[in-house]
**Student:** 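I am attaching a structure below and will ask some questions about it afterwards.
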2 protein chains.
Amino acid sequence: MANSKVYLEIVKQLREMIAADGLMQGDKIPSERELSERLNVGRSSVREALRALELLGLIETRRGEGTFIRDFHGHQLVQLLSTFILQDEKAKSDVYETKYLLEMDCLRLAVKKMDDAMIYSMEKWLSETAQFHDDDFFCQIVQGAENHLFSRIWGILKDYYNALIANPVHYDRKDYFLLFKALAEKNEQKTLSAYCKLRNLSID
Amino acid sequence: MANSKVYLEIVKQLREMIAADGLMQGDKIPSERELSERLNVGRSSVREALRALELLGLIETRRGEGTFIRDFHGHQLVQLLSTFILQDEKAKSDVYETKYLLEMDCLRLAVKKMDDAMIYSMEKWLSETAQFHDDDFFCQIVQGAENHLFSRIWGILKDYYNALIANPVHYDRKDYFLLFKALAEKNEQKTLSAYCKLRNLSID
DNA sequence: AGACGTGTGTGGTCTGACCACCAAGTTTTT
DNA sequence: AAAAACTTGGTGGTCAGACCACACACGTCT
């Protein structure tokens with residue numbers, strides 16, 4: 001059988017193990033030696049798998065204590081990748097373009113799906129929060145889109161985007177209100193053009 | 001000194017080494033044993049670093065040959081994370097919805113970006129291919145969108161979608177022609193409604 | 001010229017051995 | 001009794017050496 005590399009197999013097993021035992025972020029996973037024994041592989045192979053996952057930011061190891069599941073939205077991976085990919089301008093523009101398109105999709109969904117309660121709570125948040133980050137705003141929009149898969153993809157892209165951007169742009173606060181207003185009116189056309197205005201995108 | 005982990009140091013050294021020697025994608029990097037010697041570390045540590053980079057998709061190893069720099073234009077991160085994220089999301093409708101939205105985005109991009117040569121070759125393909133799969137058609141559209149990241153995401157979604165669908169639907173061949181025609185005319189409105197018709201989506 | 005070993009180098013894996021560190025329990029000191 | 005010091009077992013971190021599977025290039029044989 002196994003022509004596949006052992007460490008990849010371990011990554012897979014680990015994922016299943018986490019799912020099966022319902023381990024959450026912060027929980028401890030079995031020690032390297034125990035994994036090695038339970039999976040019938042050498043400790044080196046276990047370590048290769050763990051180190052890879054660590055570099056990805058999916059787990060965290062503390063010497064003398066153990067290995068723990070980490071907050072999946074770790075920025076580490078993104079940061080790391082960006083140092084490798086930084087040079088590629090085309091890749092950058094791909095990220096921008098994709099993020100914008102996804103956000104517009106979210107807006108389209110939100111226009112259809114957001115109910116009054118959500119709109120109200122967002123309105124409250126907007127009026128009460130003096131200073132907010134662009135991500136905070138769109139995080140709510142994305143939630144309003146009620147598509148978990150979409151949320152995930154957007155979340156990754158957002159982190160990636162932020163890692164690429166040297167100086168985070170700050171948009172005009174008024175434009176957020178306009179965007180929200182159009183959204184609350186459930187007017188797709190208006191919402192999208194408000195978005196383009198916010199992002200300084202040509203409407204083309 | 002060094003409380004920092006060796007394998008992380010190696011990752012850093014490796015990056016510098018690649019930059020200094022101007023290594024490009026496809027080039028071979030020194031063997032594990034040589035790196036171990038040059039950096040004065042154990043081969044295990046070198047391997048931990050390499051395995052991590054491999055899982056990230058930054059390098060590729062071929063047994064008996066060596067380790068090579070990979071085309072990391074390819075945003076492997078999405079691929080990877082998806083295996084961790086998609087596992088528990090059973091919401092089929094999310095997948096459908098997301099796939100459709102992405103395809104529409106691709107169409108919007110394609111309307112703007114596809115040049116005459118691509119349109120011509122696609123027209124040729126359409127007329128010459130008696131029977132084709134839905135994926136084949138959209139694979140070309142996605143390429144026309146000229147966004148590698150988008151291609152990746154769509155590719156993953158497509159596979160996931162196909163895995164969810166028991167009996168692959170076969171759409172009307174005529175509808176593909178209509179869609180292509182609208183695309184060739186570079187008419188976004190028409191293209192999108194042709195897509196909705198193809199997929200039997202309400203225009204809402 | 002072609003087919004066939006064979007040698008060398010490469011990644012892939014396992015084992016055993018240390019070290020550094022931490023936490024918890026145990027003993028000693030105050 | 002309370003506080004400090006020590007012991008112990010478990011954990012990750014690292015290394016060295018061994019063996020395997022594989023790929024390629026070289027030389028040999030036909």
Side-chain angles (χ1 to χ4, degrees), chain A residues 1-15 17-18 21 23-71 74 76-77 80, chain B residues 1-15 17-18 21 23-72 76:
Chain A
M1 49 171 174
N3 69 350
S4 57
K5 317 200 179 186
V6 169
Y7 91 98
L8 286 179
E9 191 59 31
I10 296 175
V11 168
K12 192 178 154 203
Q13 298 272 342
L14 226 33
R15 202 179 57 211
M17 193 177 297
I18 290 174
D21 298 359
L23 298 182
M24 305 293 293
Q25 121 185 30
D27 288 347
K28 187 170 178 299
I29 67 178
S31 75
E32 297 178 351
R33 289 173 177 85
E34 184 182 339
L35 283 174
S36 152
E37 205 171 314
R38 264 165 65 173
L39 302 178
N40 274 309
V41 295
R43 195 180 151 213
S44 336
S45 298
V46 171
R47 279 187 62 79
E48 288 179 12
L50 290 180
R51 257 6 82 209
L53 293 180
E54 186 183 53
L55 193 63
L56 271 172
L58 297 173
I59 61 173
E60 176 185 3
T61 63
R62 295 199 283 271
R63 171 191 250 162
E65 297 182 61
T67 305
F68 304 84
I69 299 180
R70 206 175 155 177
D71 175 10
Q76 186 169 353
L77 78 163
L80 192 105
Chain B
M1 53 166 178
N3 70 349
S4 60
K5 319 200 178 186
V6 169
Y7 91 98
L8 285 178
E9 191 59 31
I10 296 175
V11 168
K12 192 178 154 203
Q13 298 270 343
L14 225 33
R15 204 179 53 212
M17 192 178 298
I18 290 175
D21 299 359
L23 298 183
M24 303 295 291
Q25 97 184 50
D27 287 348
K28 187 170 177 300
I29 67 179
S31 76
E32 297 178 352
R33 289 171 177 86
E34 184 182 341
L35 284 174
S36 154
E37 205 171 315
R38 265 165 65 173
L39 302 177
N40 275 309
V41 294
R43 196 183 151 210
S44 327
S45 299
V46 172
R47 279 187 62 80
E48 288 179 12
L50 291 180
R51 253 12 78 211
L53 292 181
E54 187 184 51
L55 193 63
L56 274 171
L58 297 174
I59 60 173
E60 176 185 4
T61 61
R62 296 200 282 272
R63 172 191 250 164
E65 297 182 60
T67 305
F68 304 84
I69 299 180
R70 205 173 154 178
D71 170 21
F72 43 75
Q76 170 110 352

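Note that the structure is predicted; figures quoted are calculated from it, not measured. Naming: A, B, ... by sequence-line order, numbering from 1 per chain.
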**Student:** Taking for each residue the nucleotide of DNA chain D bearing the nearest heavy atom, is the 5' side occupied by A:G64 or by A:S44?
**Tutor:**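 Here A:G64 is the residue nearer the 5' end.
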**Student:** Are B:E32 and B:R51 ion-paired here, with the side-chain N under 4.0 Å from a carboxylate O?
**Tutor:**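 Yes, B:E32 and B:R51 are salt-bridged.
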**Student:** Indicate yes or no: at least one non-hydrogen side-chain atom of A:S44 is less than 4.5 angstrom from one of B:R47.
**Tutor:**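 Side chain of A:S44 against side chain of B:R47, heavy atoms only: no contact under 4.5 Å found.
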**Student:** I'd like to know whether A:E48 forms a salt bridge (charged side-chain N to carboxylate O under 4.0 Å, His left out) with A:K5, so could you lay out the CA-CA distance, the side-chain angles of the two residues, the decisive distance to 0.1 Å, and finally the verdict.
**Tutor:** CA-CA 11 Å; A:E48 288 179 12; A:K5 317 200 179 186; over 6 Å; no
**Student:** Could you grab the distance from atom CD of B:E60 to atom CD1 of B:I29, nearest 0.5 Å is fine?
**Tutor:**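 Separation between the atoms: 11.5 Å.
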**Student:** Given B:L14, which of B:L35, B:I59, B:V46, B:I69 fulfils the side-chain contact (heavy atoms from CB on, under 4.5 Å) condition?
**Tutor:**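 Filter result, single survivor: B:L35.
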**Student:** Would you indicate which nucleotide in D:dC15, D:dC19, D:dG13 comes nearest to any side-chain atom of B:S45?
**Tutor:**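 Between D:dC15, D:dC19, D:dG13, the one nearest the side chain of B:S45 would be D:dC15.
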**Student:** Please report, rounded to the nearest Å, how far the C1' atom of D:dT11 is from the NZ atom of A:K28.
**Tutor:**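 My rounded result for the distance is 7 Å.
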**Student:** With heavy atoms of chain A within less than 4.0 Å as the criterion, where does contact along DNA chain C begin and end?
**Tutor:**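 Boundary nucleotides touching chain A, in 5' to 3' order, are C:dG12 to C:dA23.
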**Student:** What contact category does B:T67 fall into here, base, sugar-phosphate, or nothing, at under 4.0 angstrom with non-hydrogen atoms?
**Tutor:**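 The answer is sugar-phosphate, as B:T67 gets under 4.0 Å only of primed atoms, P, OP1 or OP2.
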**Student:** What integer distance in Å separates A:L35:CG from D:dG10:P?
**Tutor:**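 Result: 16 Å.
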**Student:** Considering heavy-atom distances to DNA chain C, does B:G66 or A:R43 have its closest nucleotide positioned more toward the 5' end?
**Tutor:**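 It is B:G66, whose closest nucleotide lies nearer the 5' terminus.
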**Student:** Determine whether B:E37 and B:E34 make a side-chain contact, defined as any pair of heavy atoms from C-beta on separated by less than 4.5 Å.
**Tutor:**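 No, their side chains stay 4.5 Å or more apart.
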**Student:** Can you tell me how far P of D:dG17 sits from CD of B:E32, to the nearest Å?
**Tutor:**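 These atoms are roughly 17 Å apart.
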**Student:** Starting at OH of B:Y7 and ending at P of D:dG12, how long is that distance when rounded to a whole Å?
**Tutor:**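 Atom-to-atom, B:Y7 to D:dG12, this comes out as 14 Å.
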**Student:** Take the protein atom CD of A:E48 and the nucleotide atom P of D:dG13, then report the distance between them rounded to whole Å.
**Tutor:**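 Between P of D:dG13 and CD of A:E48: 14 Å.
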**Student:** Using OP1 and OP2 only, check whether a side-chain N or O of A:T61 sits under 4.0 Å from D:dT11.
**Tutor:**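 A:T61 to D:dT11 OP1/OP2: no side-chain N or O under 4.0 Å.
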